[in-house]
Amino acid sequence: MTTILRPGEIQGPGTPAPFLKLPDPDSLFTRRAERFQGLAQDHPVEAFLLFMAALTQAQHRLVETLTGRAPDTLPRPAPRGLPFPAAGLPDIRHWQPGLRSLLEEIEPSAPAPTRAAIRRLRHMSDPDRVAMAREILRGHGSARDPAAAPLLAAALQAHWTVWIGQTAVEGIPAQTEATHCPVCGSPPVAGVIHSGGGIHGRRTLHCSLCQSQWHLERLKCSHCHATTDLEYPGLEGHHPAVKAEVCGHCRSYLKLINLETDPRADPVADHLATLALDLLLGEEGYTPSGINLLLYLEEAPATTA
């Protein structure tokens with residue numbers, strides 16, 4: 001049976017390392033908001049990171065309203081295959097009220113372009129919001145409305161994280177070469193190198209949607225599984241906890257967040273604080289194999305395996 005580390009459980013020395021670690025919705029977003037606030041200090045994009053902190057804190061408050069709801073208010077897991085496939089979007093009654101409350105929460109701190117995006121989301125019909133949500137959940141990292149998509153994506157992240165955290169996820173086989181989340185099927189946002197306990201030095205991939213983490217051995221491309229022609233560049237003199245695993249075979253990369261270097265690092269926050277690295281790698285012809293749902297592009301990155 002696959003070992004799964006659930007919220008609240010502690011991985012100790014001598015305990016077999018789990019293949020899958022489920023998210024802890026009670027603390028995940030508030031810790032991420034604190035990380036955004038810390039990264040914002042004297043950063044060239046300080047205002048952007050501070051707004052991300054406000055958005056992430058709004059996600060935490062949305063999680064608080066969702067936690068503990070009766071099972072009949074949650075979507076049903078798929079009868080086979082992925083427990084909560086992103087492609088099977090839950091009925092709109094499950095997430096549209098949460099989106100409205102999140103928009104109300106963040107509007108006072110939003111910059112002018114984001115306030116305009118909030119108005120667009122509010123005035124959309126339900127079918128149009130569902131269409132945007134499906135576009136997001138396809139996992140291509142692009143959207144027709146790049147300013148509005150992260151706001152809707154933030155609501156979806158909060159809902160999926162709670163649904164996964166409140167559900168008995170069973171029967172997921174360990175996969176030695178999983179490129180997408182074994183829980184919801186979404187691409188990763190980044191890899192994480194762990195520190196301490198029974199998982200010191202272990203690499204997991206962090207889901208861009210439901211925030212689960214799954215094991216993928218190190219020194220292996222998370223896109224094509226090549227074990228040669230890999231490089232690990234970073235930003236010289238800045239953000240030492242963040243490197244990119246760059247593959248010369250498939251010309252893709254995925255950022256690695258090293259908790260050995262900085263235990264406070266967060267895969268979503270530190271990813272957004274190091275966009276200069278993405279620009280440098282893009283200039284060299286590499287494309288990201290992962291996505292960050294809090295940042296959208298007008299053009300999609302390379303299709304993942």
Side-chain angles (χ1 to χ4, degrees), residues 19-21 81-82 85-87 135-143 146 149 153 172-194 201-236 239-259 261 265 267-268 270-305:
F19 162 68
L20 181 65
K21 179 183 178 183
L82 300 171
E135 181 179 53
I136 290 167
L137 295 175
R138 281 198 296 267
H140 296 317
S142 64
I172 302 178
Q175 304 167 44
T176 59
E177 296 188 340
T179 60
H180 284 57
C181 177
V183 179
C184 73
S186 300
V189 59
V192 179
I193 305 299
H194 292 270
R202 187 177 175 89
R203 191 258 293 268
T204 61
L205 302 185
H206 190 99
C207 179
S208 58
L209 178 64
C210 78
Q211 312 301 301
S212 296
Q213 294 188 19
W214 67 100
H215 175 241
L216 182 69
E217 65 180 291
R218 295 175 70 169
L219 303 178
K220 174 185 285 190
C221 174
S222 60
H223 179 62
C224 73
H225 304 135
T227 56
T228 59
D229 202 8
L230 298 174
E231 297 182 359
Y232 295 86
L235 293 172
E236 192 69 30
H239 301 285
V242 181
K243 305 290 184 184
E245 186 171 71
V246 177
C247 180
H249 290 275
C250 64
R251 305 292 293 176
S252 76
Y253 70 91
L254 187 73
K255 287 181 181 175
L256 291 177
I257 314 300
N258 196 325
L259 301 183
T261 303
V268 171
D270 285 72
H271 180 282
L272 291 182
T274 55
L275 293 178
L277 181 55
D278 297 87
L279 294 175
L280 291 172
L281 292 172
E283 291 174 355
E284 295 180 13
Y286 295 99
T287 55
S289 61
I291 62 171
N292 192 321
L293 293 184
L294 300 187
L295 180 70
Y296 272 81
L297 308 171
E298 294 183 0
E299 295 182 358
T303 303
T304 53

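Source: prediction; values computed, not measured. Heavy-atom basis, side chains included; hydrogens, waters and symmetry copies ignored. Starting from 1, each residue takes its place in the sequence as its number.
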With a 3.5 Å distance limit and no angle check, can you tell me whether R203 reaches the backbone of I193 through a side-chain donor-acceptor pair?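 Checking the backbone N and O of I193 against the side chain of R203, no donor-acceptor pair under 3.5 Å is found.
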
Measure the shortest side-chain to side-chain distance between [X] and [Y] over non-hydrogen atoms and say whether it is less than 4.5 angstrom.
X    : Y    : value
F19  : Q175 : yes
V183 : L209 : no
S289 : S222 : yes
S252 : P288 : no
I257 : V242 : yes
C221 : L230 : yes
I291 : L293 : yes
H223 : C250 : yes

Taking atom types as modelled and ignoring hydrogens, do the side chains of [X] and [Y] form a donor-acceptor contact shorter than 3.5 angstrom?
X    : Y    : value
H271 : N292 : yes
T176 : H215 : no
E245 : Y253 : no

Ionic contact status for E177 with K220, cut-off 4.0 Å: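 Yes.
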
Run the side chain to side chain contact (heavy atoms under 4.5 Å, CB included) test on C181 and W214 for me, step by step, so that the C-alpha distance in whole Å, both residues' side-chain angles and the decisive distance to 0.1 Å come before the verdict. CA-CA 7 Å; C181 177; W214 67 100; 3.6 Å; yes

Verify side chain to side chain contact (heavy atoms under 4.5 Å, CB included) between L259 and T261, making sure each step is shown before the conclusion. CA-CA 5 Å; L259 301 183; T261 303; over 6 Å; no

For L254 and V246, run side chain to side chain contact (heavy atoms under 4.5 Å, CB included): C-alpha distance rounded to whole Å, both residues' side-chain angles, the deciding distance at 0.1 Å, then the answer. CA-CA 7 Å; L254 187 73; V246 177; over 6 Å; no

Report the C-alpha distance between S212 and C184 in whole Å, list the side-chain angles of each, state the deciding distance to 0.1 Å, and finish with yes or no for side chain to side chain contact (heavy atoms under 4.5 Å, CB included). CA-CA 9 Å; S212 296; C184 73; over 6 Å; no

Point-to-point distance, once rounded to the nearest 0.5 Å, from OG1 of T227 to CZ of R218: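 If we round to the nearest 0.5 Å, T227:OG1 and R218:CZ are 15.0 Å apart.
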
Minimum heavy-atom distance between [X] and [Y], given as atom pair plus value:
X    : Y    : answer
G185 : H180 : O-CD2, 3.3 Å
A241 : A265 : CB-CB, 4.5 Å
L205 : A178 : CD1-O, 3.9 Å
L281 : A244 : CD1-CB, 3.6 Å
Y286 : C247 : CE2-O, 3.7 Å

Does the side-chain hydrogen bond (donor to acceptor under 3.5 Å, both in side chains) test come out yes or no for H225 and T179, once each step is laid out? CA-CA 9 Å; H225 304 135; T179 60; 5.6 Å; no

Residues in side-chain hydrogen bond (donor to acceptor under 3.5 Å, both in side chains) contact with K243, at least two apart in sequence or another chain: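 In terms of side-chain hydrogen bond (donor to acceptor under 3.5 Å, both in side chains), with neighbours along the sequence ignored, K243 is linked to no residue.
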
Which salt bridge (charged side-chain N to carboxylate O under 4.0 Å, His left out) pairs, counting each pair once, include a residue from residues 276-291, with sequence neighbours left out?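 Qualifying pairs: K255-D278.
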
With T204, which residues qualify under side-chain contact (heavy atoms from CB on, under 4.5 Å), at least two apart?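 For T204, the residues satisfying side-chain contact (heavy atoms from CB on, under 4.5 Å) (neighbours in sequence not counted) are V192, H194, Q213.
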
